[in-house]
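To find a chain, count down the sequence lines: A is the first, B the second, and so on, and within it residues start at 1.
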There are 2 protein chains.
Amino acid sequence: MTVLEHRTYSVSEVATDSGVAPSAVRFYENHGVVTAVRTAGNQRRFDESAACRIQVAKLAQRVGLSVREIADLFTDLPVDPQREDWERVAGRLVTEVEQRVRHLKAQLAAMESGAKLCEIGRHDPAR
Amino acid sequence: MTVLEHRTYSVSEVATDSGVAPSAVRFYENHGVVTAVRTAGNQRRFDESAACRIQVAKLAQRVGLSVREIADLFTDLPVDPQREDWERVAGRLVTEVEQRVRHLKAQLAAMESGAKLCEIGRHDPAR
DNA sequence: CTGCAACTTCAACATTAGTTGAGGTCAACG
DNA sequence: CGTTGACCTCAACTAATGTTGAAGTTGCAG
């Protein structure tokens, strides 16, 4: 039973596949969103999941996560992640975002029902 | 029937009431998140809604809106906004965010069901 | 092999979202 | 009416998220 070596991808391939610039791919590697191995000549080689990570990263940024938070989210994504690994990460991402949306809604609701429309937890007496 | 002049607030009052630094209050005024009138001596005076706008702005940033987008969201908030004005703005904010979350979920779902776990709309032939 | 497109690093630049500090003015308490 | 804390503007700085360009290296097609 051979260990089938999946093919690798260069910076520009990952860039094309994920829809970002090559410079962004390098940036994401520097910040732990994707990881790469190096060739003998020091060039980056990514696995299949790299483009996927970057696509997810762009989606996550759009709903308020920082690059740091995204890298943290991916820390327990194994090399060659399987569907269930992606499902777990996607689930955690959605949970986090839904929590932020719940917080948003709760605060908005509190403000709308506040006496002066917007005195959430303030009420400093002397004024 | 007198036009009851609601009291005004200084930069540091708005800062305290909204939980940000005075420098941020000035920044938000420069970027159209809040508006101010000026005293004879050129000092900013805000209405009650200023602290509220900033609180909403911080919530909105947390779910991915830029300062520009937030200022745009507030453009049709009248002076001395009433509950229904806030409800309209809050509704638009929530709608926008929920749209982003729907997009996130849809893309994640598409990626999870994709053949190679992550080839959403790419499939370039020659490779 | 050779040549050239794509790669490397590094530093500088751009933009967004603020903060800090200098130098000067205002307002309001006593 | 004077003092003093809060205000004003402006410029410079920070940090995050990238992009651009210079100078040099690699890898692959022919």
**OP:** Could you check A:Asn42 against A:Ser23 and say which one's nearest nucleotide on DNA chain D is further toward the 5' end?
**Re:** A:Ser23
**OP:** Quickly work out the B:Tyr9 OH to D:dA6 P distance and round it to whole Å.
**Re:** 19 Å
Original post:
Can you tell me how far C1' of C:dA5 sits from CD of A:Glu13, to the nearest Å?
Top reply: 13 Å
**OP:** Check whether the side chains of A:Gln61 and A:Lys58 place a donor and an acceptor atom closer than 3.5 Å, and report yes or no.
**Re:** yes
**OP:** Can you tell me the distance, in whole Å, between the CD atom of B:Gln43 and the P atom of C:dA27?
**Re:** 5 Å
Original post:
What nucleotide, of C:dA27, C:dT19, C:dA17, holds the atom closest to the side chain of B:Thr39?
Top reply: C:dA27
Original post:
Looking across every strand, which nucleic acid part, if any, lies under 4.0 Å from A:Arg26 by heavy atom: base, sugar-phosphate, or nothing?
Top reply: base
Original post:
Would one find more than 12 heavy atoms of other residues, nucleotides or ligands at under 6.0 Å from atom CZ of A:Arg68?
Top reply: no
Subject >> Atom-pair distance (CZ on A:Phe27; C1' on C:dA14), nearest Å >> reply: 13 Å
Original post:
What integer distance in Å separates B:Asn30:CG from D:dC8:C1'?
Top reply: 12 Å
**OP:** Can you tell me the distance, in whole Å, between the CZ atom of A:Arg62 and the C1' atom of D:dA16?
**Re:** 18 Å
Subject >> Per A:Gln61 side chain, nearest of listed nucleotides C:dA17, D:dG18, C:dT19 >> reply: D:dG18
Original post:
What is the nucleic acid contact for B:Ser12, judged by heavy atoms within less than 4.0 Å: base, sugar-phosphate only, or nothing?
Top reply: sugar-phosphate
Subject >> Side-chain N or O of A:Arg68 closer than 4.0 Å to phosphate OP1/OP2 of D:dA16 >> reply: no
Subject >> Of B:Ser10 and A:Arg45, the one whose closest DNA chain D nucleotide lies more 5' >> reply: B:Ser10
Original post:
Whole-Å distance between D:dT9 P and B:Arg38 CZ?
Top reply: 5 Å
Original post:
Side-chain N or O of A:Lys58 less than 4.0 angstrom from OP1 or OP2 on D:dT17?
Top reply: no
Original post:
Between C:dT19 atom C1' and B:Tyr28 atom OH, what is the distance in whole Å?
Top reply: 12 Å
Subject >> Gap separating the CD atom of A:Gln82 from the CD atom of A:Glu87, nearest 0.5 angstrom >> reply: 11.0 Å
**OP:** Would you confirm whether A:Ser49, through its side chain, and A:Cys52, through its main-chain N or O, come within 3.5 Å as a donor-acceptor pair?
**Re:** no
Original post:
Taking the side chain as C-beta and beyond, is there a heavy-atom pair between A:Arg45 and A:Tyr9 under 4.5 Å?
Top reply: no
**OP:** Scan A:Val20 against the nucleic acid and name what it touches under 4.0 Å (heavy atoms): base, sugar-phosphate only, or nothing.
**Re:** nothing
